[in-house]
Amino acid sequence: MKIAGVKGMNDVLPADVARWQEMERVAREVFALYGYREVRTPAVEHAQLFARGVGEATDIVNKEMYVFEDKGEELLALRPEGTAGTVRAFIEHGAYVEGPQKWFYMGPMFRREKPQKGRYRQFHQIGCEAFGIAEPFLDAEQIALVADYFARLGVGARLKLNSVGDAACRPAYLAELKAYLGGRKAELCPDCIDRLERNPLRVLDCKVESCQPVLNGAPRLLERLCDGCRTHFDQVKVALDALGVRYEVDGRLVRGLDYYVRTAYELTSDALGSQSAVAGGGRYDRLVETLGGPPTPGIGFALGEERLAMILEKAGKAPPAQGPAVFFVSADAEGALEALRRAAELRRGGIACDLDPRGGKLKAQFKQAERVGARYALVLGGAEVQSGQAKLKDLSSREETPVALAQLAGFLASLPRP
RNA sequence: GUGAGUAUAGCUCAAUCGGUAGAGCACUGGACUGUGGAUCCGGGGGUUAAGGGUUCGAGCCCCUUUACUCACCCCA
């Protein structure tokens, strides 16, 4: 019986892996420029960590999380997001005693949702977390980092910015919002009536046409921020302007997780279909404390690698080619043995090369050379072995260059990679 | 969890009214015995998702199941 992969968990085949390596390599490069260092935490944590950190009432925790009993001893969970585990590690290892820290991670996350375009049960996130700095310039710097990253990859995305307030101003606003929406319940769609109780901020995000008149008249959080949040938000914008980062303020932008305060931001692309967010983040000044650490402000974001890969593909960005430099073509038994020796020599010298151990017709070997993406082909037979001379064929231009076998490694090393 | 759609070769898809399952790509052989991509000719590939029903006859119609896709909820 044939066993298929698990629903919502996908293979990335070799042909597509180059794109993933590119995304991750550029991330490491750009993040290093901003002083972020990589942290690697387990994919499995105590379920309690997410219940407390992400929020008991969120969909992510109460209906989408993979939870299991480990041999009846403890309740564990596959991580549904990266921040909670990173904060746990930050606290557990006492990293806060060394002052502000900027960390990043990348890896698989798990949510048991119904899969659709850009949404999978195992998906991959790259995320940054900065701890210990409450100042708004940090927010702007991190947003600039994301913008830089996208620019380096050559993809366009819209940056939306908002402030979701904090404990000083959000409760009063929520009460006002609920009162307003409650009074006009009759004009709202069924989903919104449901959201009114569970997550009133989400109502503002509703796309249903009939809800729009109500939403347009709703009280705006941005106009009711406390002084602290107001100043913080203004300073983030000042800093972003100074950094030349383009953004649009979207008063309806909401974060789904409980821990966010003040700055919230999101990058979206219309290349994605319904799940348009490719990255989302915000400030979480109380989270470290909530998880048992000392009061430590923080801000972070996560981006979805599957979604980013979709944007890159749709934009027609070709992943970098990664074939061997040389493919040895053997014309006879003597040449085949020589090819084996020369390939070993090149590989010792750090030059990627390949050959077809089956030998066979030259035509088939040349096709193989092309298929694996080799830059050059080199035919070896008794004649070449005798003379010590061979012809290096450029597979794209079809030009042949005479080269002494003894000088092959040096010759290839001196060529610039295209 | 809810709703809709789809399922035919490795991939993308045809198949008229219910009447012998096909093409392109890919793979492979030859034209071309030491030089790949073009062209031409040939070859292998199928339980038409699975199971049941109607019918002389089902890829096509009906039922059940499964899988996938998209959307809602929610989210990266």
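Any value given below was found using the heavy atoms of this structure, including those in side chains, with hydrogens, waters and symmetry copies removed. Lettering of chains follows the sequences in order, A, B, ..., and the numbering in each one begins at 1.
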Handout entry: Rounded distance in Å between the P positions of B:C25 and B:A38
Key = 10 Å

Handout entry: Assigned partner base of B:A67, Watson-Crick or wobble definition, under 3.5 Å
Key = B:U6

Practice task
With heavy atoms under 4.0 Å as the rule, sort A:Ile126 into base, sugar-phosphate or nothing.
Solution key: nothing

Handout entry: Atom-to-atom span, CZ of A:Phe366 to P of B:U35 - whole angstrom
Key = 9 Å

Protein-nucleotides 28-34 of chain B N/O pairs closer than 3.5 Å?
residue : atom : partner  : partner atom : Å
B:G30   : OP1  : A:Lys361 : NZ           : 2.9
B:G34   : N1   : A:Glu384 : OE1          : 3.1
B:G34   : N1   : A:Glu384 : OE2          : 3.0
B:G34   : N2   : A:Glu384 : OE2          : 2.5

Fill in the blank from the handout: side chain to side chain donor-acceptor pair (under 3.5 Å) test vs A:Arg283 passes for just one of A:Asp139, A:Thr263, A:Asp166, namely A:Asp139

Can you give each donor-acceptor pair under 3.5 Å made by side-chain atoms of residues 151-160 of chain A, sequence neighbours left out, with the distance rounded to 0.1 Å?
residue  : atom : partner  : partner atom : Å
A:Arg152 : NH2  : A:Glu29  : OE1          : 2.8
A:Arg158 : NE   : A:Glu248 : OE2          : 3.4
A:Arg158 : NH2  : A:Glu248 : OE1          : 3.4

Handout entry: Salt bridge A:Lys102-A:Glu141, side-chain N to carboxylate O under 4.0 Å
Key = yes

Exercise for the section: May I ask you to check whether over 12 heavy atoms, not counting those of A:Glu313, lie within 6.0 Å of atom CD? Expected result: no

Problem - Check: A:Arg195 and A:Cys206 side chains under 4.5 Å, non-hydrogen atoms - result: yes

Problem - Within 6.0 Å of OH in A:Tyr34, more than 12 heavy atoms from elsewhere - result: yes

Problem - CG (A:Asp270) with more than 12 external heavy atoms under 6.0 Å - result: no

Practice task
Could you measure between the two C1' atoms, the one in B:C27 and the one in B:A9, and give it in whole Å?
Solution key: 12 Å

Completion exercise
Between CG of A:Asp11 and P of B:G10 the distance, given in whole Å, is 17 Å

Problem - Any strand: nucleotide that pairs with B:C75 via Watson-Crick or wobble, under 3.5 Å - result: none

Handout entry: B:C27 - base-pair partner by Watson-Crick or wobble geometry, distances under 3.5 Å
Key = B:G43

Problem - A:Leu145 vs A:Ile143 side-chain heavy atoms within contact, under 4.5 Å - result: no

Problem - Between B:U69 and B:A31 - C1' atom distance, rounded Å - result: 45 Å

Problem - Min side-chain heavy-atom separation A:Val403-A:Thr401 under 4.5 Å - result: no

Handout entry: B:G45 and B:C56, which share atom name C1', separated by this distance in whole Å
Key = 32 Å

Exercise for the section: Go along nucleotides 71-76 of chain B 5' to 3' and tag each nucleotide: B for a protein heavy atom under 4.0 Å from its base, S when only backbone or sugar atoms are that close, - otherwise. Expected result: BBBBBB

Problem - Nearest-0.5 Å distance, CG of residue A:Asp205 to SG of residue A:Cys211 - result: 11.5 Å

Problem - Between B:C13 and B:C74 - C1' atom distance, rounded Å - result: 35 Å

Practice task
Just name whichever nucleotide pairs with B:A58, Watson-Crick or G-U, keeping both distances under 3.5 Å, else none.
Solution key: none

Problem - Inter-nucleotide P distance (B:A14, B:G24), Å rounded - result: 16 Å

Completion exercise
When rounded to whole Å, the CE to P distance for the pair A:Met310 and B:U69 reads 12 Å

Practice task
Take atom P in B:U39 and the same atom in B:G53, then report the distance between them in whole Å.
Solution key: 49 Å

Completion exercise
Whole-Å distance, A:Glu370 CD to B:A38 C1', equals 12 Å

Practice task
Considering only atom C1', compute the distance from B:G18 to B:A76 and round it to an integer number of Å.
Solution key: 49 Å

Fill in the blank from the handout: Ranking A:Gly5 and A:Ser396 by the position along RNA chain B of their nearest nucleotide, the one closer to 5' is A:Ser396

Exercise for the section: To the nearest Å, give me how far apart CG (A:Leu13) and C1' (B:G10) are. Expected result: 12 Å

Exercise for the section: Using only heavy-atom distances, decide whether a donor-acceptor pair under 3.5 angstrom links the side-chain of A:Glu400 to the base of B:U35. Expected result: yes

